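Quick note on labels: first sequence line is chain A, next is B, and so on, each numbered from 1. This one's a predicted model, so the numbers in the text were calculated from it and none came from an experiment.
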There are 2 protein chains.
Amino acid sequence: MPRRTDDAPRPSQRAAVLKAAMEVMAEKGPEKTRVQDIAARAGMSAGHVLYYFGKRDRILVDTLLESEADAGTQRDRRVAAAPSPLDAVERLVRLYLPSGSSDLRWKLWAQLVARPPQDAETLAAYDGVLDGWTTALADAIRAGVDDGTFTCRDPRTTAYRACRLMDGYALEVLLGAPGRTRAWAVSSVLEALDDELATRP
Amino acid sequence: MPRRTDDAPRPSQRAAVLKAAMEVMAEKGPEKTRVQDIAARAGMSAGHVLYYFGKRDRILVDTLLESEADAGTQRDRRVAAAPSPLDAVERLVRLYLPSGSSDLRWKLWAQLVARPPQDAETLAAYDGVLDGWTTALADAIRAGVDDGTFTCRDPRTTAYRACRLMDGYALEVLLGAPGRTRAWAVSSVLEALDDELATRP
DNA sequence: CGAAATTCTAGAACGAAATTCTAATCGCTC
DNA sequence: GAGCGATTAGAATTTCGTTCTAGAATTTCG
(Lines give C-alpha, C1' and ligand atoms only; values in the text may rest on other atoms or scores of the structure.)
Protein backbone atom coordinates (compact mmCIF):
# COMPACT_ATOMS: atom_id res chain seq x y z
CA MET A 1 0.00 0.00 0.00
CA PRO A 2 1.84 3.03 -1.22
CA ARG A 3 1.64 5.97 1.07
CA ARG A 4 2.82 9.06 -0.67
CA THR A 5 4.99 11.52 1.13
CA ASP A 6 6.16 13.66 -1.74
CA ASP A 7 3.66 15.62 -3.72
CA ALA A 8 4.94 15.07 -7.22
CA PRO A 9 2.06 13.05 -8.71
CA ARG A 10 -0.78 14.89 -7.04
CA PRO A 11 -3.85 14.72 -9.17
CA SER A 12 -5.63 17.78 -7.84
CA GLN A 13 -7.50 15.46 -5.55
CA ARG A 14 -5.29 17.04 -2.99
CA ALA A 15 -6.62 20.45 -3.89
CA ALA A 16 -10.17 19.23 -3.50
CA VAL A 17 -9.44 18.00 -0.01
CA LEU A 18 -7.84 21.27 0.90
CA LYS A 19 -10.85 23.15 -0.34
CA ALA A 20 -13.13 20.94 1.73
CA ALA A 21 -10.87 21.36 4.74
CA MET A 22 -10.93 25.12 4.42
CA GLU A 23 -14.71 25.18 4.23
CA VAL A 24 -15.33 22.91 7.17
CA MET A 25 -12.70 24.57 9.32
CA ALA A 26 -14.15 27.96 8.58
CA GLU A 27 -17.48 26.70 9.83
CA LYS A 28 -16.56 24.88 13.00
CA GLY A 29 -13.00 25.93 13.70
CA PRO A 30 -9.88 23.89 12.95
CA GLU A 31 -9.67 22.38 16.42
CA LYS A 32 -13.17 20.93 16.17
CA THR A 33 -12.73 19.64 12.66
CA ARG A 34 -12.32 15.89 12.38
CA VAL A 35 -10.67 14.14 9.50
CA GLN A 36 -14.05 12.54 9.02
CA ASP A 37 -15.71 15.93 8.52
CA ILE A 38 -13.27 16.89 5.84
CA ALA A 39 -13.66 13.55 4.13
CA ALA A 40 -17.43 13.81 4.17
CA ARG A 41 -17.33 17.27 2.68
CA ALA A 42 -14.96 16.14 -0.02
CA GLY A 43 -17.11 13.11 -0.71
CA MET A 44 -14.59 10.48 0.25
CA SER A 45 -13.60 8.28 3.13
CA ALA A 46 -11.51 9.38 6.11
CA GLY A 47 -8.91 6.76 5.39
CA HIS A 48 -8.59 8.12 1.91
CA VAL A 49 -7.92 11.64 3.05
CA LEU A 50 -5.10 10.33 5.20
CA TYR A 51 -3.79 8.43 2.21
CA TYR A 52 -3.00 11.79 0.68
CA PHE A 53 -1.87 13.69 3.73
CA GLY A 54 -0.39 11.08 6.02
CA LYS A 55 -1.47 12.82 9.18
CA ARG A 56 -4.04 15.32 10.26
CA ASP A 57 -1.42 17.89 11.14
CA ARG A 58 -0.25 17.93 7.55
CA ILE A 59 -3.74 18.98 6.49
CA LEU A 60 -3.59 21.84 8.94
CA VAL A 61 -0.23 22.99 7.66
CA ASP A 62 -1.27 22.80 4.04
CA THR A 63 -4.54 24.56 4.74
CA LEU A 64 -2.69 27.33 6.51
CA LEU A 65 -0.27 27.68 3.63
CA GLU A 66 -3.10 27.79 1.14
CA SER A 67 -4.95 30.27 3.26
CA GLU A 68 -1.86 32.43 3.57
CA ALA A 69 -1.25 32.24 -0.14
CA ASP A 70 -4.75 33.59 -0.72
CA ALA A 71 -4.21 36.29 1.86
CA GLY A 72 -0.91 37.19 0.23
CA THR A 73 -2.51 37.59 -3.17
CA GLN A 74 -5.27 39.72 -1.79
CA ARG A 75 -2.72 41.76 0.11
CA ASP A 76 -0.60 42.50 -2.90
CA ARG A 77 -3.63 43.45 -4.93
CA ARG A 78 -5.14 45.73 -2.31
CA VAL A 79 -1.87 47.39 -1.47
CA ALA A 80 -1.04 48.04 -5.09
CA ALA A 81 -4.37 49.83 -5.38
CA ALA A 82 -3.81 52.03 -2.35
CA PRO A 83 -3.90 55.72 -3.21
CA SER A 84 -1.16 56.60 -0.74
CA PRO A 85 1.49 55.04 1.48
CA LEU A 86 -0.60 55.90 4.51
CA ASP A 87 -3.50 54.04 2.98
CA ALA A 88 -1.28 51.14 2.09
CA VAL A 89 -0.11 50.79 5.67
CA GLU A 90 -3.63 50.98 6.93
CA ARG A 91 -4.76 48.29 4.52
CA LEU A 92 -1.90 46.06 5.50
CA VAL A 93 -2.80 46.33 9.14
CA ARG A 94 -6.42 45.55 8.45
CA LEU A 95 -5.52 42.59 6.29
CA TYR A 96 -2.97 41.21 8.70
CA LEU A 97 -5.03 41.28 11.85
CA PRO A 98 -7.65 38.62 12.49
CA SER A 99 -11.22 39.31 11.51
CA GLY A 100 -12.31 38.21 14.97
CA SER A 101 -11.73 35.54 17.54
CA SER A 102 -12.54 32.83 15.05
CA ASP A 103 -10.53 34.00 12.08
CA LEU A 104 -9.51 30.87 10.21
CA ARG A 105 -6.02 31.93 9.24
CA TRP A 106 -5.15 32.87 12.80
CA LYS A 107 -6.78 29.87 14.35
CA LEU A 108 -4.66 27.73 12.11
CA TRP A 109 -1.55 29.52 13.28
CA ALA A 110 -2.64 28.91 16.83
CA GLN A 111 -2.99 25.20 16.14
CA LEU A 112 0.45 25.03 14.64
CA VAL A 113 2.17 27.00 17.33
CA ALA A 114 0.60 24.67 19.87
CA ARG A 115 1.98 21.63 18.05
CA PRO A 116 4.87 22.90 15.92
CA PRO A 117 5.98 20.66 13.08
CA GLN A 118 9.74 20.61 13.16
CA ASP A 119 10.59 19.70 9.60
CA ALA A 120 12.76 22.21 7.87
CA GLU A 121 10.52 22.42 4.84
CA THR A 122 7.53 23.60 6.83
CA LEU A 123 9.58 26.05 8.82
CA ALA A 124 10.94 27.48 5.60
CA ALA A 125 7.43 27.89 4.25
CA TYR A 126 6.41 29.72 7.41
CA ASP A 127 9.36 31.97 7.02
CA GLY A 128 8.38 32.83 3.49
CA VAL A 129 4.88 33.74 4.57
CA LEU A 130 6.07 35.97 7.38
CA ASP A 131 8.59 37.57 5.14
CA GLY A 132 5.92 38.45 2.62
CA TRP A 133 4.11 40.55 5.16
CA THR A 134 7.22 42.22 6.49
CA THR A 135 8.37 43.08 3.00
CA ALA A 136 5.01 44.47 1.99
CA LEU A 137 4.86 46.64 5.06
CA ALA A 138 8.47 47.75 4.69
CA ASP A 139 7.81 48.77 1.10
CA ALA A 140 4.82 50.84 2.11
CA ILE A 141 6.77 52.54 4.85
CA ARG A 142 9.66 53.25 2.51
CA ALA A 143 7.27 54.77 0.03
CA GLY A 144 5.90 56.97 2.78
CA VAL A 145 9.35 58.06 3.77
CA ASP A 146 10.22 59.03 0.20
CA ASP A 147 6.91 60.73 0.13
CA GLY A 148 7.47 62.78 3.23
CA THR A 149 4.47 61.20 4.94
CA PHE A 150 6.53 59.14 7.34
CA THR A 151 9.72 59.46 9.26
CA CYS A 152 11.63 56.25 9.74
CA ARG A 153 15.26 55.39 10.01
CA ASP A 154 15.03 51.72 9.17
CA PRO A 155 11.82 50.71 7.42
CA ARG A 156 12.61 47.01 7.36
CA THR A 157 13.19 46.83 11.10
CA THR A 158 10.18 48.96 11.82
CA ALA A 159 8.05 46.75 9.61
CA TYR A 160 9.31 43.60 11.26
CA ARG A 161 8.57 44.96 14.70
CA ALA A 162 5.15 46.10 13.61
CA CYS A 163 4.37 42.57 12.45
CA ARG A 164 5.44 41.17 15.81
CA LEU A 165 3.32 43.79 17.54
CA MET A 166 0.37 42.74 15.44
CA ASP A 167 1.02 39.11 16.34
CA GLY A 168 0.70 40.09 19.97
CA TYR A 169 -2.55 41.94 19.41
CA ALA A 170 -3.83 39.08 17.30
CA LEU A 171 -3.20 36.73 20.19
CA GLU A 172 -5.35 38.87 22.41
CA VAL A 173 -8.14 38.93 19.90
CA LEU A 174 -7.96 35.15 19.56
CA LEU A 175 -8.13 34.75 23.29
CA GLY A 176 -11.42 36.53 23.08
CA ALA A 177 -11.51 38.51 26.29
CA PRO A 178 -14.29 41.08 26.33
CA GLY A 179 -13.23 44.28 24.62
CA ARG A 180 -10.39 42.66 22.73
CA THR A 181 -12.12 42.90 19.41
CA ARG A 182 -10.69 43.28 15.95
CA ALA A 183 -11.69 46.92 15.92
CA TRP A 184 -9.79 47.51 19.11
CA ALA A 185 -6.72 45.77 17.73
CA VAL A 186 -6.82 47.67 14.46
CA SER A 187 -7.05 51.05 16.07
CA SER A 188 -4.44 50.21 18.70
CA VAL A 189 -1.95 49.11 16.09
CA LEU A 190 -2.65 52.06 13.83
CA GLU A 191 -2.11 54.36 16.76
CA ALA A 192 1.18 52.69 17.60
CA LEU A 193 2.32 52.96 14.01
CA ASP A 194 1.30 56.57 13.91
CA ASP A 195 3.40 57.24 16.98
CA GLU A 196 6.28 55.44 15.36
CA LEU A 197 6.12 56.89 11.88
CA ALA A 198 4.59 60.34 12.25
CA THR A 199 6.65 63.23 11.03
CA ARG A 200 6.53 65.67 13.90
CA PRO A 201 7.70 69.26 13.96
CA MET B 1 -21.11 10.24 42.77
CA PRO B 2 -20.32 13.80 43.67
CA ARG B 3 -18.21 15.61 41.18
CA ARG B 4 -16.85 18.82 42.59
CA THR B 5 -16.91 21.92 40.50
CA ASP B 6 -16.11 24.53 43.07
CA ASP B 7 -12.76 24.46 44.78
CA ALA B 8 -13.74 25.24 48.31
CA PRO B 9 -12.92 21.92 49.97
CA ARG B 10 -9.73 21.16 48.11
CA PRO B 11 -7.41 19.22 50.34
CA SER B 12 -4.09 20.11 48.74
CA GLN B 13 -4.41 16.92 46.76
CA ARG B 14 -5.11 19.33 44.00
CA ALA B 15 -1.79 21.01 44.59
CA ALA B 16 -0.02 17.67 44.40
CA VAL B 17 -1.59 16.98 41.03
CA LEU B 18 -0.59 20.38 39.77
CA LYS B 19 2.96 19.80 40.89
CA ALA B 20 3.02 16.47 39.07
CA ALA B 21 1.49 18.07 36.01
CA MET B 22 4.09 20.78 35.97
CA GLU B 23 6.91 18.27 36.21
CA VAL B 24 5.67 15.96 33.51
CA MET B 25 4.76 18.78 31.18
CA ALA B 26 8.16 20.34 31.62
CA GLU B 27 9.67 17.04 30.57
CA LYS B 28 7.62 16.08 27.55
CA GLY B 29 5.69 19.22 26.70
CA PRO B 30 2.07 19.94 27.58
CA GLU B 31 0.71 18.71 24.27
CA LYS B 32 2.29 15.30 24.71
CA THR B 33 1.26 14.93 28.33
CA ARG B 34 -1.58 12.51 28.93
CA VAL B 35 -3.82 12.56 31.94
CA GLN B 36 -2.40 9.14 32.62
CA ASP B 37 1.13 10.52 32.83
CA ILE B 38 0.14 13.10 35.37
CA ALA B 39 -1.76 10.54 37.40
CA ALA B 40 1.17 8.15 37.38
CA ARG B 41 3.54 10.86 38.55
CA ALA B 42 1.18 11.86 41.30
CA GLY B 43 0.73 8.25 42.31
CA MET B 44 -2.96 7.98 41.60
CA SER B 45 -5.34 6.81 38.92
CA ALA B 46 -6.28 8.79 35.84
CA GLY B 47 -9.92 8.74 36.76
CA HIS B 48 -9.05 10.21 40.10
CA VAL B 49 -7.20 13.13 38.58
CA LEU B 50 -10.26 13.91 36.53
CA TYR B 51 -12.34 13.71 39.66
CA TYR B 52 -10.55 16.80 40.83
CA PHE B 53 -10.26 18.69 37.59
CA GLY B 54 -13.24 17.61 35.55
CA LYS B 55 -11.43 17.86 32.26
CA ARG B 56 -7.91 17.83 30.99
CA ASP B 57 -8.13 21.42 29.79
CA ARG B 58 -8.76 22.54 33.31
CA ILE B 59 -5.45 21.02 34.34
CA LEU B 60 -3.74 23.01 31.64
CA VAL B 61 -5.38 26.24 32.73
CA ASP B 62 -4.56 25.69 36.37
CA THR B 63 -1.01 24.69 35.59
CA LEU B 64 -0.57 27.84 33.55
CA LEU B 65 -2.01 29.96 36.32
CA GLU B 66 0.27 28.31 38.86
CA SER B 67 3.19 28.72 36.56
CA GLU B 68 2.36 32.37 36.00
CA ALA B 69 1.93 32.93 39.70
CA ASP B 70 5.44 31.62 40.26
CA ALA B 71 6.76 33.76 37.45
CA GLY B 72 4.99 36.77 38.90
CA THR B 73 6.55 36.26 42.29
CA GLN B 74 9.97 35.85 40.81
CA ARG B 75 9.39 38.91 38.68
CA ASP B 76 8.44 41.15 41.57
CA ARG B 77 11.40 39.96 43.59
CA ARG B 78 13.94 40.41 40.83
CA VAL B 79 12.61 43.76 39.74
CA ALA B 80 12.57 45.10 43.28
CA ALA B 81 16.23 44.19 43.52
CA ALA B 82 17.18 45.95 40.29
CA PRO B 83 19.77 48.65 40.83
CA SER B 84 18.24 50.95 38.23
CA PRO B 85 15.17 51.39 36.06
CA LEU B 86 17.17 50.37 33.04
CA ASP B 87 18.13 47.19 34.80
CA ALA B 88 14.56 46.62 35.89
CA VAL B 89 13.34 46.85 32.32
CA GLU B 90 16.03 44.52 31.15
CA ARG B 91 15.15 41.98 33.81
CA LEU B 92 11.49 42.18 32.93
CA VAL B 93 12.20 41.46 29.31
CA ARG B 94 14.38 38.51 30.19
CA LEU B 95 11.79 37.13 32.56
CA TYR B 96 8.89 37.62 30.20
CA LEU B 97 10.35 36.01 27.11
CA PRO B 98 10.44 32.23 26.78
CA SER B 99 13.57 30.40 27.80
CA GLY B 100 13.52 28.58 24.48
CA SER B 101 11.20 26.82 22.11
CA SER B 102 10.03 24.48 24.85
CA ASP B 103 9.46 26.94 27.65
CA LEU B 104 6.66 25.49 29.73
CA ARG B 105 4.83 28.71 30.50
CA TRP B 106 4.71 29.71 26.88
CA LYS B 107 3.83 26.28 25.62
CA LEU B 108 0.90 26.34 27.98
CA TRP B 109 -0.21 29.67 26.58
CA ALA B 110 0.03 28.19 23.13
CA GLN B 111 -2.19 25.30 24.15
CA LEU B 112 -4.78 27.62 25.56
CA VAL B 113 -4.82 30.00 22.64
CA ALA B 114 -5.33 27.03 20.37
CA ARG B 115 -8.36 25.90 22.37
CA PRO B 116 -9.53 28.96 24.33
CA PRO B 117 -11.75 28.29 27.32
CA GLN B 118 -14.55 30.77 27.16
CA ASP B 119 -15.66 30.97 30.77
CA ALA B 120 -15.48 34.44 32.20
CA GLU B 121 -13.57 33.32 35.25
CA THR B 122 -10.65 32.00 33.26
CA LEU B 123 -10.57 35.02 31.01
CA ALA B 124 -10.49 37.25 34.05
CA ALA B 125 -7.59 35.27 35.46
CA TYR B 126 -5.71 35.67 32.19
CA ASP B 127 -6.36 39.34 32.28
CA GLY B 128 -4.92 39.59 35.76
CA VAL B 129 -1.78 37.79 34.70
CA LEU B 130 -1.26 40.01 31.67
CA ASP B 131 -1.97 43.08 33.70
CA GLY B 132 0.70 42.11 36.22
CA TRP B 133 3.36 42.22 33.55
CA THR B 134 2.13 45.43 32.00
CA THR B 135 2.00 47.13 35.36
CA ALA B 136 5.44 45.96 36.36
CA LEU B 137 6.92 47.22 33.13
CA ALA B 138 5.01 50.49 33.29
CA ASP B 139 6.30 51.09 36.81
CA ALA B 140 9.86 50.50 35.71
CA ILE B 141 9.47 52.83 32.77
CA ARG B 142 7.90 55.49 34.94
CA ALA B 143 10.77 55.22 37.38
CA GLY B 144 13.16 55.68 34.49
CA VAL B 145 11.31 58.74 33.30
CA ASP B 146 11.43 60.31 36.76
CA ASP B 147 15.04 59.35 36.77
CA GLY B 148 15.88 60.97 33.49
CA THR B 149 16.98 57.65 32.01
CA PHE B 150 13.99 57.32 29.73
CA THR B 151 11.77 59.53 27.69
CA CYS B 152 8.17 58.43 27.45
CA ARG B 153 4.92 60.24 27.12
CA ASP B 154 2.66 57.46 28.28
CA PRO B 155 4.41 54.70 30.22
CA ARG B 156 1.35 52.51 30.55
CA THR B 157 0.68 52.45 26.83
CA THR B 158 4.31 51.92 26.02
CA ALA B 159 4.46 49.06 28.48
CA TYR B 160 1.35 47.46 27.05
CA ARG B 161 2.70 47.67 23.54
CA ALA B 162 6.03 46.30 24.66
CA CYS B 163 4.26 43.28 26.13
CA ARG B 164 2.43 42.68 22.86
CA LEU B 165 5.68 43.04 20.98
CA MET B 166 7.21 40.44 23.25
CA ASP B 167 4.27 38.14 22.64
CA GLY B 168 5.04 38.34 18.95
CA TYR B 169 8.70 37.55 19.46
CA ALA B 170 7.78 34.76 21.83
CA LEU B 171 5.64 33.22 19.14
CA GLU B 172 8.58 33.15 16.81
CA VAL B 173 10.77 31.53 19.40
CA LEU B 174 8.11 28.90 20.04
CA LEU B 175 7.82 28.16 16.36
CA GLY B 176 11.46 27.27 16.55
CA ALA B 177 12.76 28.38 13.19
CA PRO B 178 16.54 28.39 13.05
CA GLY B 179 17.98 31.61 14.42
CA ARG B 180 14.86 32.50 16.34
CA THR B 181 16.41 31.78 19.69
CA ARG B 182 15.74 33.31 23.05
CA ALA B 183 18.94 35.32 22.80
CA TRP B 184 17.81 36.78 19.50
CA ALA B 185 14.42 37.69 20.94
CA VAL B 186 15.89 39.28 24.05
CA SER B 187 18.28 41.47 22.16
CA SER B 188 15.70 42.40 19.52
CA VAL B 189 13.22 43.50 22.15
CA LEU B 190 15.79 45.37 24.17
CA GLU B 191 16.84 47.19 21.04
CA ALA B 192 13.25 48.10 20.25
CA LEU B 193 12.72 49.37 23.77
CA ASP B 194 15.91 51.34 23.60
CA ASP B 195 14.71 53.01 20.40
CA GLU B 196 11.42 53.74 22.08
CA LEU B 197 12.65 55.00 25.42
CA ALA B 198 16.06 56.49 24.81
CA THR B 199 16.50 60.11 25.72
CA ARG B 200 18.07 61.61 22.65
CA PRO B 201 19.52 65.05 22.18
C1' DC C 1 -20.65 6.03 70.41
C1' DG C 2 -22.54 4.64 65.92
C1' DA C 3 -25.17 5.20 61.70
C1' DA C 4 -25.89 7.89 57.74
C1' DA C 5 -24.13 10.84 54.51
C1' DT C 6 -20.40 12.50 52.06
C1' DT C 7 -15.98 12.38 50.01
C1' DC C 8 -12.18 9.69 47.96
C1' DT C 9 -10.17 6.29 45.22
C1' DA C 10 -8.97 2.60 41.87
C1' DG C 11 -10.08 0.47 38.08
C1' DA C 12 -13.15 -1.00 34.45
C1' DA C 13 -16.13 0.58 30.77
C1' DC C 14 -17.19 3.67 27.20
C1' DG C 15 -16.74 6.77 23.32
C1' DA C 16 -14.55 9.62 20.05
C1' DA C 17 -10.89 10.18 16.77
C1' DA C 18 -6.80 9.39 14.42
C1' DT C 19 -4.22 6.11 12.12
C1' DT C 20 -3.37 1.65 9.93
C1' DC C 21 -4.85 -2.41 7.46
C1' DT C 22 -7.48 -5.20 3.94
C1' DA C 23 -9.46 -5.99 0.00
C1' DA C 24 -11.29 -4.35 -4.03
C1' DT C 25 -11.37 -1.51 -8.12
C1' DC C 26 -9.61 1.34 -11.65
C1' DG C 27 -6.66 2.85 -15.47
C1' DC C 28 -2.99 1.95 -17.59
C1' DT C 29 0.79 -0.41 -20.41
C1' DC C 30 2.60 -4.14 -23.15
C1' DG D 1 -6.51 -8.95 -21.74
C1' DA D 2 -3.02 -9.92 -18.16
C1' DG D 3 -0.49 -7.40 -15.01
C1' DC D 4 0.64 -3.78 -11.96
C1' DG D 5 0.75 0.22 -9.47
C1' DA D 6 -2.37 3.91 -7.95
C1' DT D 7 -6.89 4.72 -5.66
C1' DT D 8 -10.54 3.95 -2.81
C1' DA D 9 -13.88 2.48 0.83
C1' DG D 10 -14.48 0.66 4.85
C1' DA D 11 -13.17 -2.27 8.77
C1' DA D 12 -9.84 -2.99 12.54
C1' DT D 13 -6.73 -1.05 15.74
C1' DT D 14 -5.01 2.18 18.98
C1' DT D 15 -4.85 5.89 21.91
C1' DC D 16 -6.91 8.87 25.00
C1' DG D 17 -10.13 11.47 27.51
C1' DT D 18 -14.05 10.92 30.08
C1' DT D 19 -17.66 8.47 32.70
C1' DC D 20 -19.28 4.75 35.55
C1' DT D 21 -19.11 1.25 39.45
C1' DA D 22 -18.16 -0.28 43.69
C1' DG D 23 -16.09 0.16 47.75
C1' DA D 24 -13.21 2.36 51.40
C1' DA D 25 -12.40 6.22 54.27
C1' DT D 26 -13.94 10.08 56.68
C1' DT D 27 -16.98 13.26 58.54
C1' DT D 28 -21.29 14.69 60.62
C1' DC D 29 -24.40 14.79 64.12
C1' DG D 30 -28.14 12.32 66.88
Fill in the blank from the handout: Per-residue pairing states of DNA chain C in dot-bracket (Watson-Crick or G-U under 3.5 Å; . unpaired, | other strand) read ||||||||||||||||||||||||||||||

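In this structure, the side chain of B:Thr149 does not engage the main chain of B:Val145 through any donor-acceptor pair within 3.5 Å.
The side chain of B:Tyr52 contributes an N or O atom lying less than 4.0 Å from OP1 or OP2 of C:dT9. Note on B:Gln13: every side-chain N or O is 4.0 Å or more away from OP1 and OP2 of C:dT7.
The distance from atom CD1 of A:Ile59 to atom C1' of C:dT19 is 11 Å, rounded to the nearest whole Å. The distance from atom NE2 of A:His48 to atom C1' of C:dC26 is 12 Å, rounded to the nearest whole Å. Distance B:Tyr51 OH to D:dT18 C1': 16 Å, rounded to the nearest Å. Distance, A:Leu50 CG to D:dT7 P: 16 Å, rounded to whole Å. The nearest whole Å value for the distance from the NZ atom in A:Lys55 to the P atom in C:dT19 is 6 Å. If you take CZ of A:Arg58 and C1' of C:dA18, they are 17 Å apart, rounded to a whole angstrom. For the pair A:Phe53 CZ and C:dA17 P, the computed distance is 20 Å after rounding to whole Å. Rounded to an integer number of Å, the gap from B:Arg56 CZ to D:dT15 C1' is 13 Å.
Within 6.0 Å of the CZ atom in B:Arg115, the count of heavy atoms belonging to other residues, nucleotides or ligands does not exceed 12. The environment of B:Lys28 atom NZ is dense: over 12 non-hydrogen atoms of other residues, nucleotides or ligands sit within 6.0 angstrom.
Of the residues in residues 35-44 of chain B, those placing a heavy atom less than 4.0 Å from an atom of DNA chain C are B:Gly43, B:Met44, in numerical order.
Checking A:Arg41, A:Glu23, A:Met25 one by one against A:Thr33, the side-chain contact (heavy atoms from CB on, under 4.5 Å) holds for a single residue, A:Met25.
Aromatic pair B:Tyr160/B:Trp133: ring centres not closer than 6.0 Å.
Across all non-hydrogen atoms, the minimal contact from B:Arg56 to B:Glu31 is NH2-O, 4.1 Å.
With 3.5 Å as the limit, one finds no donor-acceptor pair spanning the side chains of B:Trp184 and B:Glu172.
Classified by interplanar angle (parallel below 30°, tilted 30° to 60°, perpendicular above 60°), the ring pair B:Tyr51/B:His48 is parallel.
Note that the CG atom of A:Leu64 and the CD1 atom of A:Ile59 stand 13.5 Å from one another [nearest 0.5 Å].
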